[in-house]
Amino acid sequence: MHDIKAIRENPAAFDAALSRRGLSALSPQILALDADRRAKIVAAETAQAEQNRASKEVGAAKARGDEAEFERLRALVAQSKADIARLTAEADAQDVALRDLLMGIPNLPLPEVPDGKDEAENVEIHRWGTPRAFDFPPREHFEIPAVKPGMDFETAAKLSGSRFVVLKGAVIRVHRALAQFMLDTHIEEHGLTEMWTPVLVKDDAMYGTNQLPKFAEDSYQTTNGWWLIPTSEVTLTNSVAGDILDEAVLPIRMTAHTQCFRSEAGSAGKDTSGMLRQHQFEKVEMVTICTPDTHLAEQDRMRDCAQAILEKLEIPYRTVTLCTGDMGFGAQRTYDLEAWLPGQNTYREISSVSTCGQFQARRMNARYRAAKTETGGGKPEFVATLNGSGLAVGRCLIAVLENGQQADGSVLLPAVLHPYLGGRTKITADGQLA
RNA sequence: GGAGAGGUGGCGGAGUGGUCGAUCGCGCCGGUCUCGAAAACCGGAGUGGGUGCAAGCCCACCGUGGGUUCGAAUCCCACCCUCUCCGCCA
């Protein structure tokens, strides 16, 4: 959510940033609402102050036994009650209206974010590894002989419909190894703290990380009102909602491995084969809570953590900075990591690392108290929040399988996974670990 | 699921209708004292909003939302959460 004071102080800058995201100027509408709201607040508070004064006089009259004056004042106060109720309701309504409006406006891109309409205009900033030269036509993951016995879409369809998968045998073991490997690396080498969180959350959490109010149709809700998280960004980030943190505890760098649930509404026909895009998938997520002056450095750090995973897995990838037209609702800047998928002969998104600045913190009311200095401090300020995949486990499995496939139908597995697989180094063409 | 207890400021803990935004203790910050520190003493200190150049003033907040009343942290209703015991259970 945006800071109304910042918009008030510099509406032109606000509108200019909005236009970079392809939105028309909103500050006139916002400022009009804001002015109206403040006028209503003044009216309501003035009336309330008068009543409070009168009430004290009533009490005083009663105390000195002046019954006539007591009754006169009492009637007066009683009369103004309805007026106050009306004014207060109006002020509240304006407040809600402004909040609703601000809630629906996306975050503003940082100056260094490239302008652009869509993903075609993202800017590559880093490339690692060289795609293997195949002396046979590389297959997509679900067509590799070694994989086929362990990736069962028919059974999943029987159970749940399309966009689900049943994994078995060697394939799920590699999947599990991947998640463990990612977590262990983040914990031991990157200094992140592992968390285990609910995957069912209340409305408030979904508002905090921007899923609500605009993107309700992208998530699933239970009959009693809980939401299934589309990413553990929701639980990790909202873990500090409403808090006033001591600056000394920042930055807080977390990671979690959870199931994620997405309806994929609007993605009909997109990536329908294989397990690239599922309703249910696993992700190792990273979330950082930090001070606003450190968030850019923290974002680079987080990106490096994600890149390190791909490098250890020996998967060629490239990193892009998303252009204004491709950024998510809450992001100020986003790096996407795209893994090389030989079966598709292209790079596909496997991680997205975003800083939201104070955007989510304002929604969640998550603050920190800056250490006192001569110049100030000591006052609560909103924290900055960042989130990134570290990585999407299912997509990472795809990348490992496609990049490791051999002419004979087997798959060679990256060395860092061998310890997690009892020393086994490959999946044979008939689907066995060996 | 059943029974009971409880939700007050960073923490502990008072407060059952009228200057209570809230006694007190601890912790915290500033000062006095000290070579320095501790102790002691003095003083300060919540959050959000509105208004104002500012000092300040005003409004709201004692789990949440309603209600009663001239007036509510205090009374009433609903809900949420926590704890204890019992039951069930991965």
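Throughout, a chain's letter reflects where its sequence line sits, starting with A, and its residues are numbered from 1. Here the structure is a predicted model, which means the values were calculated and not measured. For the numbers below, each heavy atom of this structure counts, side chains included, while hydrogens, waters and symmetry mates do not.
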Side chain to side chain donor-acceptor pair (under 3.5 Å) against A:Thr209, all qualifying residues, sequence neighbours excluded = A:Gln211, A:Asn238
In whole Å, what separates the [atom1] atom of [N] from that of [M]?
{"N": "B:rG30", "M": "B:rU64", "atom1": "C1'", "value": "38 Å"}
{"N": "B:rC76", "M": "B:rG87", "atom1": "C1'", "value": "33 Å"}
{"N": "B:rA73", "M": "B:rG9", "atom1": "P", "value": "15 Å"}
{"N": "B:rU74", "M": "B:rG1", "atom1": "C1'", "value": "34 Å"}
{"N": "B:rG65", "M": "B:rC70", "atom1": "C1'", "value": "24 Å"}
{"N": "B:rC42", "M": "B:rG25", "atom1": "P", "value": "11 Å"}
{"N": "B:rC24", "M": "B:rC79", "atom1": "C1'", "value": "33 Å"}
{"N": "B:rA72", "M": "B:rG21", "atom1": "C1'", "value": "14 Å"}

Are A:Thr294 and A:Thr291 linked by a side-chain donor-acceptor pair shorter than 3.5 Å?
-> yes
Short side-chain donor-acceptor distance under 3.5 Å, A:Gln48 and A:Asn52 =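 Their side chains do contain a donor-acceptor pair, which is all the 3.5 Å distance test asks for.
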Look at the side chain of [X] and decide which nucleotide, out of [options], has an atom nearest to it.
{"X": "A:Ile41", "options": "B:rA60, B:rG71, B:rG49", "value": "B:rG49"}
{"X": "A:Pro380", "options": "B:rU47, B:rC58, B:rG50", "value": "B:rU47"}
{"X": "A:Arg74", "options": "B:rA60, B:rC70, B:rU47", "value": "B:rC70"}
{"X": "A:Arg369", "options": "B:rU47, B:rC70, B:rG49", "value": "B:rU47"}
{"X": "A:Val77", "options": "B:rG50, B:rA60, B:rC70", "value": "B:rC70"}
{"X": "A:Lys5", "options": "B:rU51, B:rG49, B:rU69", "value": "B:rG49"}

Answer yes when A:Arg99 and A:Asp95 have at least one side-chain N-carboxylate O distance shorter than 4.0 Å, and no when they do not.
->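 The answer is no: the pair does not qualify as a salt bridge.
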Ion pair present between A:Arg367 and A:Asp243, side-chain N to carboxylate O less than 4.0 angstrom?
->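 Salt bridge flag = no for A:Asp243 with A:Arg367.
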So A:Ser263 and A:Asp218, side-chain hydrogen bond (donor to acceptor under 3.5 Å, both in side chains) or not? Walk me through it.
-> CA-CA 5 Å; A:Ser263 75; A:Asp218 292 340; 4.6 Å; no
Does [X] reach a base, just sugar-phosphate, or nothing at all? Heavy atoms under 4.0 Å.
{"X": "A:Arg367", "answer": "sugar-phosphate"}
{"X": "A:Glu57", "answer": "nothing"}
{"X": "A:Arg8", "answer": "sugar-phosphate"}
{"X": "A:Asp246", "answer": "nothing"}

Of A:Ser55 and A:Asp34, the one whose closest RNA chain B nucleotide lies more 5' |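 Nearest nucleotide further toward 5': that of A:Asp34.
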Between A:Val42 and A:Arg53, name the one whose nearest nucleotide on RNA chain B is closer to the 5' end.
->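 Per heavy-atom nearest nucleotide, the more 5' residue is A:Val42.
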Ring centres of A:Phe261 and A:His279 under 6.0 Å apart?
-> no
Complementary nucleotide for [N] - Watson-Crick or wobble, under 3.5 Å:
{"N": "B:rG9", "result": "none"}
{"N": "B:rC41", "result": "B:rG31"}
{"N": "B:rU51", "result": "B:rG56"}
{"N": "B:rG46", "result": "B:rC61"}
{"N": "B:rG87", "result": "none"}

Value in whole Å for how far the [atom2] atom of [N] lies from [atom1] of [X]:
{"X": "A:Glu90", "N": "B:rG50", "atom1": "CD", "atom2": "P", "value": "18 Å"}
{"X": "A:Ile244", "N": "B:rC11", "atom1": "CD1", "atom2": "P", "value": "10 Å"}
{"X": "A:Asp243", "N": "B:rU47", "atom1": "CG", "atom2": "C1'", "value": "14 Å"}

Return no unless some side-chain N or O of [X] is found under 4.0 Å from OP1 or OP2 of [N].
{"X": "A:Gln51", "N": "B:rG71", "result": "yes"}
{"X": "A:Asn52", "N": "B:rA60", "result": "yes"}
{"X": "A:Gln48", "N": "B:rA60", "result": "yes"}
{"X": "A:Arg38", "N": "B:rG49", "result": "no"}

Of A:Leu200, A:Val199, A:Thr222, A:Val201, the residue whose pairing with A:Trp227 passes side-chain contact (heavy atoms from CB on, under 4.5 Å) | A:Val201
For A:Phe281, all residues meeting ring-ring contact (aromatic ring centres under 6.0 Å, His included), sequence neighbours excluded =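 A:Phe281 satisfies ring-ring contact (aromatic ring centres under 6.0 Å, His included) with no residue once adjacent residues are dropped.
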Please work out which residues in residues 196-205 of chain A have a non-hydrogen atom less than 4.0 Å from an atom of RNA chain B and list them by number.
->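 Those residues whose heavy atoms fall under 4.0 Å from RNA chain B, taken from residues 196-205 of chain A, amount to none.
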Is A:Arg363 close enough and on-axis enough to A:Tyr207, meaning under 6.0 Å and within 45°, for cation-pi?
-> no
Would you state whether a donor and an acceptor, one from the side chain of A:Glu45 and one from the base of B:rG49, lie under 3.5 Å apart?
->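 Flag set: donor-acceptor pair detected.
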